[in-house]
Amino acid sequence: MADRATEAFVAHRNLLFTVAYEMLGSAADAEDVLQETWLKWTAVDLDTVRDSRAYLVRIATRQALSRLRALGRRRESYVGPWLPEPLLTAPDVAEDVELADSVSMAMLLVLETLAPTERAVFVLREVFDLGYDEIAAAVDKSPAAVRQIAHRARAHVAARRPREVVSQAETKHALDAFLCAVETGDLQGLLDILAPDVVLLTDGGGVKQAALHPVVGADKVAAVLGRVAAASLRPAVVNGCPALVVVLDGEIDTVVAARIEDGLITGFYAVRNPEKLSGMRRETALHR
């Protein structure tokens with residue numbers, strides 16, 4: 001029985017981690033959810049389980065929901081902007097366009113604006129394509145209620161997400177142009193790649209120096225990012241999308257992700273909080 005439980009859990013581990021991460025925006029918390037899911041799973045009579053994948057997703061969703069509600073209270077006292085924990089992702093994540101879009105920094109921040117149950121329903125329905133009955137069992141709602149919640153969450157996200165999914169090539173092109181402008185000290189080139197109302201969010205968590213409020217406007221953002229030493233910037237694939245990493249003295253100092261619309265950078269997300277950078281040490285496998 002133990003072997004069956006282990007095999008089923010290992011087979012779906014990456015899926016469960018992805019569900020938890022999309023709900024929480026934190027790899028550390030997602031790992032905790034996996035531990036809690038495993039403990040719950042080992043107490044289940046497997047002879048009563050028809051679909052181990054669905055059952056495990058249900059356990060993980062409930063654990064993630066409980067944690068999400070607790071985290072909401074904790075984030076209210078967070079110092080400065082709160083950003084999701086960046087992950088160095090395996091190449092196959094970028095190849096799944098929908099998955100990469102769903103775990104992008106921009107999308108995770110949109111999901112942060114949903115209520116916990118709305119976020120769970122949206123993630124399970126829109127990203128993982130679970131049926132309403134399965135989702136209902138996971139969030140303790142009726143299928144009819146889940147349909148209403150899904151409709152409401154879908155409209156909420158549609159009003160806040162980028163208008164279209166941006167290709168990896170377009171994101172890379174914009175970041176390459178940004179990097180070139182920084183390397184050559186080309187202020188006009190830097191301004192040309194930034195949208196006039198570009199927003200820079202920096203997350204230092206009260207540990208590293210960071211702006212406590214959003215920096216808005218191409219001139220102001222260029223003034224801040226223009227000070228970054230070009231030699232310290234490295235390209236990377238973060239959350240399935242091209243990004244930049246600031247490396248100082250051989251250590252990752254900052255991870256910079258971007259939001260692109262109409263070929264211009266409309267948002268920068270700079271994570272400096274050291275407690276959020278452990279996911280950059282090795283590639284993380286995400287799975288739908």
Side-chain angles (χ1 to χ4, degrees), residues 21 25-31 75 78-91 93-94 100 103-106 108-109 168 171-194 198-260 265-284:
Y21 176 71
S26 164
D29 287 306
E31 288 289 355
R75 287 173 189 169
Y78 195 80
V79 179
W82 182 93
L83 291 175
E85 188 175 335
L87 298 177
L88 183 67
T89 43
V93 175
V103 296
S104 68
M105 283 286 188
L108 288 175
L109 278 178
Q168 300 284 317
T171 301
K172 186 177 184 302
H173 176 77
L175 286 177
D176 284 348
F178 166 79
L179 188 55
C180 179
V182 173
E183 286 175 340
T184 58
D186 180 6
L187 178 58
Q188 188 56 52
L190 186 55
L191 291 172
D192 287 345
I193 194 61
L194 301 179
V198 61
V199 178
L200 165 65
L201 297 175
T202 54
D203 179 345
V207 180
K208 284 287 194 78
Q209 183 178 359
L212 296 180
H213 303 284
V215 179
V216 183
D219 289 340
K220 292 180 180 178
V221 171
V224 174
L225 294 180
R227 295 196 294 265
V228 178
S232 68
L233 288 168
R234 306 280 189 276
V237 178
V238 176
N239 289 51
C241 303
L244 296 171
V245 176
V246 179
V247 179
L248 297 178
D249 299 323
E251 297 289 333
I252 293 177
D253 177 83
T254 309
V255 175
V256 183
R259 172 172 172 164
I260 315 295
I265 298 173
T266 60
F268 277 112
Y269 312 106
V271 181
R272 303 202 70 214
N273 184 348
E275 294 179 4
K276 292 186 175 185
L277 299 179
S278 60
M280 296 297 297
R281 293 175 188 154
R282 59 185 181 278
E283 288 184 349
T284 297

Please report the shortest heavy-atom distance between [X] and [Y], naming the atom on each side.
{"X": "C241", "Y": "S104", "value": "SG-CB, 4.0 Å"}
{"X": "A243", "Y": "A257", "value": "CB-CA, 4.2 Å"}
{"X": "A100", "Y": "G240", "value": "CB-O, 3.7 Å"}
{"X": "V271", "Y": "P84", "value": "CG2-O, 3.8 Å"}
{"X": "Y21", "Y": "E85", "value": "OH-O, 2.5 Å"}
{"X": "V198", "Y": "G267", "value": "CG2-N, 3.9 Å"}

- Determine whether more than 12 heavy atoms belonging to other residues, nucleotides or ligands lie under 6.0 Å from atom NZ of K208.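 Count over threshold, so yes.
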- Query: For atom CD of E183, is the number of surrounding heavy atoms from other residues, nucleotides or ligands below 6.0 Å larger than 12?
  - Reply: yes
- Query: Can a donor-acceptor pair be found between the side chains of N273 and Y78 at a distance below 3.5 Å?
  - Reply: yes
- Single hit among V228, L233, T184 for side-chain contact (heavy atoms from CB on, under 4.5 Å) with L179: L233
Using side-chain heavy atoms (C-beta onward) and a distance below 4.5 Å, is [X] in contact with [Y]?
{"X": "E283", "Y": "P91", "value": "yes"}
{"X": "D186", "Y": "C180", "value": "no"}
{"X": "M280", "Y": "V238", "value": "yes"}
{"X": "I260", "Y": "I265", "value": "yes"}
{"X": "R259", "Y": "L109", "value": "no"}
{"X": "V256", "Y": "L225", "value": "no"}
{"X": "D192", "Y": "Q188", "value": "yes"}

Taking [Y]'s backbone N and O only, do any of them form a donor-acceptor pair with [X]'s side chain (distance below 3.5 Å, no angle check)?
{"X": "T171", "Y": "P242", "value": "no"}
{"X": "N239", "Y": "L87", "value": "yes"}
{"X": "D253", "Y": "L248", "value": "no"}

- Message: Run F268 and V199 through side chain to side chain contact (heavy atoms under 4.5 Å, CB included) and show every step you take.
- Response: CA-CA 6 Å; F268 277 112; V199 178; over 6 Å; no
- What is the distance from atom OG1 of T202 to atom CZ of R272, rounded to the nearest 0.5 Å?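 Result: 8.5 Å between the selected atoms.
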